[in-house]
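Below is one structure; the comments refer to it alone.
In what follows, chains carry the letters A, B, and so on, assigned in the order in which the sequence lines appear, proteins first and then strands, with residues in each chain numbered from 1.
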Amino acid sequence: MSDHTTSAPLPRPGGLASRAAAQPAAGYLQGLNPEQRQAVEATDGPVLVLAGAGTGKTRVLTTRIAHLIATNRAYPSQILAVTFTNKAAREMKERVANLVGPVAEGMPWLGTFHSISAKLLRRHAELVDLRSDFTILDTDDQIRLMKQVIQAEGIDEKRWPGRMLAGFIDSWKNRGLAPKDVPPGESGVFASGKGGKLYAAYQERLKTLNAVDFGDLLLHCLTLFREHPELLASYHERFRYILVDEYQDTNVAQYLWLRLLAQGRRNIACVGDDDQSIYGWRGAEVDNILRFEHDFPGATVVRLERNYRSTGHILATAAKLIARNEGRLGKTLRTEDEAGEKVTITGAWDSQEEARLISDEIEAMQSKGENLSEVAILVRISAQMREMEERLIHVGVPYRVIGGPRFYERAEIRDAMAYLRCVVSPTDDLAFERIVNVPKRGLGDATIQLLHNHARATGFSLMQSARAVVETEELKPKARTTLRELVEAFARWQSKAEAMQQGELAELVLEESGYTEMWQKDRSADAAGRLENLKELVRSLDEFPDLPSFLEHVSLVMDADSGDGGARVSIMTLHAAKGLEFDTVFLPGWEEGLFPNQRALDENGRAGLEEERRLAHVGLTRARKRLKLYFASNRRIHGLWQSSLPSRFIDELPEDHVEVVQAPTAYSQGGYGASRFERMESFGSSYQTPGWQRAQENKAKFGSGGSSGFSDAGQRGFGSGRQRGPMLIEGELTAKSTGTSAYDPGARVFHIKFGPGSVASVDGNKLTVDFDKAGRKMVLDSFVQKAG
DNA sequence: TTTGCGGTTTTTTTT
DNA sequence: AAACCGCAAA
């Protein structure tokens, strides 16, 4: 979508004159289609905007804010606008400023659920038993803390890892459940009945540490609102209008949070797309959007269905796919664009060929002078990225990977932060523990354990305990000296903190602690990058008035550097691609098991499948002009070669809008050609009808007995409909039907990829084979045949 | 206390 | 295949 709207002349809030001036379609309203305009102008009461992909959702949101301000309905400071990501918040802020001018700089309540919650909590911390300088823990801190709690309860940490408890607690918090609210049945799932107890113990630990985790930010706010109605009422007064972006991604806690705040004036506008709900696995409730009209009776519902992004074929393809989902409110995207190029589907022999085909296309585009920053490769799982990267490096196409660890999740940033946290608040035990032996100083578990014991006995913090213990004979002289030096160093830094610029201070701390030196000495490849990150951290430090506000910024808001603006192909997961668009989109790996992902299917059945389909829909709708799908018949998963079938999603695409492309490779000749041709036939003629599919399934039941044989393996590779049916990876299917392997050690075998070899050992259906050319590999027996 | 070996695990990811 | 974790040896 392009916004060429000029900013409206800026009416000053307060005068009747400006309200009158806004009457004949103010500038910012121009260029909106009727639905968009309705979504903007329905200012009062609950509003649900169902905004399909590429229908101008952000534009509606920002224009709506501009409209509220321009018509004097609210001051910027009276509008609460919530997003999920910092990126979305930033973008919205920018675009509102473009429409309304610097007045928008106010917008103090435009932010993520978490940052707004943190802001509220800092103001009223004492009401929920916190001090206003509480620390916000990230996932890593959480898990370390959980481990401690689990150990303290004397539970086998192996059987019940901290990570798992974190998962449980997180999902409880997502649903707005405090320890006492957890249903008994569920709290018993973890550690034979101790789940709820551990949750309570963890919350207790957080309280003594004066810390909260991400989930708590929301949960404590709920407590705050519920237990202090007068406070809630004051926020009703303040927040005249509430706007919510990506409503389909809200979890129960966020929903309750919104409902409490919206209760007062009921001016809440939620924008979302049920067809783009792809975060169910982390607690998002599509139901929130499906239920909106029920929760807010009398709501105005606006559907945005006119797509401004993709050409006809692409849009039709996406629409047809998503129509297969049952749990949806139903929208039909339409475009006035030309039909454009058909969507292509290309089968590759294996994932390497797939990568090669994609890189060839990109090189061709590059030589035609197309802009590589308008090209994206979107994958289902990050494991697919490596192969693509290797290939692009090989052919010298510049690329960038989007996603990956956030800036503040990187070890070096977290270490540096821990040092600073110790300087700012010496009672921060988690921070102290993190850096007490980083760089290695010889203060290991034994020392820490001693400090812990002392701290528990006296009620001191670890730092205080260290100070005390250093004066005793309890530690070996060496450890004692080192620890004393560390404690003294912190005392020194604290005394300097007042007088110094925080950037300088940070540099000093990192230098004197030996932390910088640690990375300078490190010879590993990423050490230089880490030092660079540390520099970046120090640089950004001076943009903040003081250290505490910086720490808050880093733990909640700071993003990884988005890289330079050079023209590069983008590689990312489908999840990371939501909200983005590109002229050309490559979608590799459309295979059963990978996409739809087997695990999603196993764990969530039908709902899982529908979420995968929404993910596919998100992928398809990222493309403006060219959309290219790929599947590979063989892919290495966890080190084993697995044969795979084309994704069922491919069969669900409308044949009029897609085109099957023959891969121009060596494999198209010889034995494989025939089976591929079969696939083409089936795709073109009959794949759509349920009856045909059923027939294929029956055929598969009778026809798939054999586990060896060259031609059989060839058909597996490319025959799509032929073996349609259970969504198993081919190898597993064979393993189940065959039972034990038909091969003995010493047997000569032939593998379609690795050629001839001898069986070295047999383990169920897995063979270890010494191939004459390829060396020793582990393969499934279904991929080899007996050979002489 | 540290290092290295072996056994295990393997989606998606924001705050 | 690779990364991660816990444990045992140096």
A:Lys119 NZ to B:dT15 P, in whole Å, measures 17 Å

Looking only at the side chain of A:Arg636 (C-beta and beyond, no hydrogens), which of the listed nucleotides C:dA1, B:dT13, B:dT15 gets closest? C:dA1

So that I know where these two stand, are A:Phe631 and A:Trp590 an aromatic pair - ring centroids less than 6.0 Å apart? no

Which residues within residues 440-447 of chain A lie with some heavy atom under 4.0 Å of an atom in DNA chain B? A:Lys440, A:Gly442, A:Leu443, A:Gly444, A:Asp445, A:Ala446, A:Thr447

Listing request: all salt bridge (Lys or Arg N to Asp or Glu O under 4.0 Å) pairs with a residue in residues 273-282 of chain A, at least two apart in sequence or in separate chains. A:Asp273-A:Lys331, A:Asp274-A:Lys331, A:Asp275-A:Arg328, A:Asp275-A:Lys331

Kindly check if the number of other-residue, nucleotide or ligand heavy atoms within 6.0 Å of CZ (A:Arg123) is above 12? yes

Once you round it to whole Å, what is the distance between P of B:dT15 and NZ of A:Lys87? 10 Å

Which nucleotide in the set B:dT15, B:dT12, B:dT13 lies at the smallest distance from any side-chain heavy atom of A:Thr112? B:dT15

Assign the ring pair A:Phe544 / A:His553 to parallel, tilted or perpendicular, where the plane angle (0 to 90°) is split at 30° and 60°. tilted

Pairwise C1' distance, B:dT12 and C:dC5 [rounded to whole Å]: 23 Å

Under 4.0 Å between any heavy atoms, over every strand shown, what does A:Gln384 touch: base, sugar-phosphate, or nothing? Just pick one. nothing

Any idea which of B:dT15, B:dT13, B:dT11 is nearest the A:Tyr279 side chain? B:dT13

Test of understanding: with side chain to side chain contact (heavy atoms under 4.5 Å, CB included), list the residues that count as partners of A:Trp519, not counting sequence neighbours. A:Glu412, A:Tyr515, A:Asp522, A:Ala527, A:Arg530, A:Leu531, A:Leu534

Name the pairs: protein N/O against N/O of nucleotides 8-10 of chain C, kept only if under 3.5 Å.
none

Figure out the CZ/C1' separation between A:Arg613 and B:dT12, and round it to whole Å. 18 Å

Aromatic ring proximity, centroids under 6.0 angstrom, A:Trp257 and A:Tyr255: no

Judged by nearest nucleotide, the residue sitting upstream toward the 5' end of DNA chain B, A:Ala600 or A:His114, is A:Ala600

Expressed in angstrom and rounded to an integer, what is the separation of A:Leu601 atom CG from B:dT12 atom C1'? 14 Å

Starting at atom CD1 of A:Ile381, determine the distance to atom C1' of C:dA1, rounded to an integer number of angstrom. 13 Å

Phosphate contact (B:dT15 OP1 or OP2) by A:Asn251 side-chain N/O below 4.0 Å: no

Grab the CE-P distance between A:Met385 and B:dT12 for me, whole Å please. 8 Å

Closest to the A:Lys147 side chain: C:dG6, B:dT15, B:dT12? C:dG6

Name the nucleic acid region contacted by A:Asp213, choosing base, sugar-phosphate or nothing; use a 4.0 angstrom heavy-atom cut-off, strictly under. nothing

Keeping to residues at least two apart or across chains, list the salt bridge (Lys or Arg N to Asp or Glu O under 4.0 Å) pairs with something in residues 210-223 of chain A. A:Lys173-A:Asp213, A:Lys173-A:Asp216

Holding to salt bridge (Lys or Arg N to Asp or Glu O under 4.0 Å), I want the full list of residues that pass it with A:Glu611, two or more places apart in sequence or in another chain. A:Arg614

Under 3.5 Å between N/O atoms: give me all the protein pairs with nucleotides 5-10 of chain B, atom names plus distance.
unit_1: B:dT10; atom_1: O3'; unit_2: A:Arg599; atom_2: NH1; d: 3.4

Under the 5.5 Å and 30° test, is A:Trp281 stacked on the base of B:dT12? yes

Does a side-chain N-to-carboxylate-O contact under 4.0 Å join A:Glu390 and A:Arg386? no

Assign each of A:Thr139 and A:Asn597 to its nearest nucleotide of DNA chain B by heavy atoms, then name whichever residue's nucleotide is nearer the 5' end. A:Asn597

Given A:Asp245, which partner from the list A:Thr85, A:Val82, A:Leu61 fulfils the side chain to side chain contact (heavy atoms under 4.5 Å, CB included) test? A:Leu61

For A:Ala466, the side chain to side chain contact (heavy atoms under 4.5 Å, CB included) test, sequence neighbours excluded, returns A:Phe432, A:Leu451, A:Leu483, A:Val487

Nearest of B:dT12, B:dT15, C:dA1 to any side-chain atom of A:Ser382? B:dT12

Side chain to side chain contact (heavy atoms under 4.5 Å, CB included) filter on A:Ala607, not counting sequence neighbours, yields none

For A:Leu450, enumerate each residue passing the side chain to side chain contact (heavy atoms under 4.5 Å, CB included) test, keeping only those at least two apart in sequence or located in another chain. A:Val469, A:Glu474, A:Leu475

From CZ of A:Arg614 across to C1' of B:dT11 the rounded distance in Å is 16 Å

Could you state the CG-P distance from A:Leu587 to B:dT12, rounded to the nearest angstrom? 17 Å

Under-4.0 Å side-chain N/O to phosphate OP1/OP2 contact, A:Thr573 with B:dT13: yes

If you draw the axis of the six-membered ring of A:Phe649, does the NZ or CZ of A:Arg613 fall within 45° of it and under 6.0 Å from the ring centre? no

Would you please name every residue forming a salt bridge (Lys or Arg N to Asp or Glu O under 4.0 Å) with A:Asp141, sequence neighbours left out? A:Arg144, A:Arg414, A:Arg421

Reckon A:Asn437 has a side-chain N or O less than 4.0 Å from the OP1 or OP2 of B:dT1? no

Taking only Watson-Crick and G-U wobble pairs with both distances under 3.5 Å, what dot-bracket line describes DNA chain B, where [ ] shows pairs that cross earlier ones and | shows pairs with another strand? ||||||||||.....

Consider only side-chain N and O atoms of A:Glu354 and A:Gln352, and report whether a donor and an acceptor are under 3.5 Å apart. no

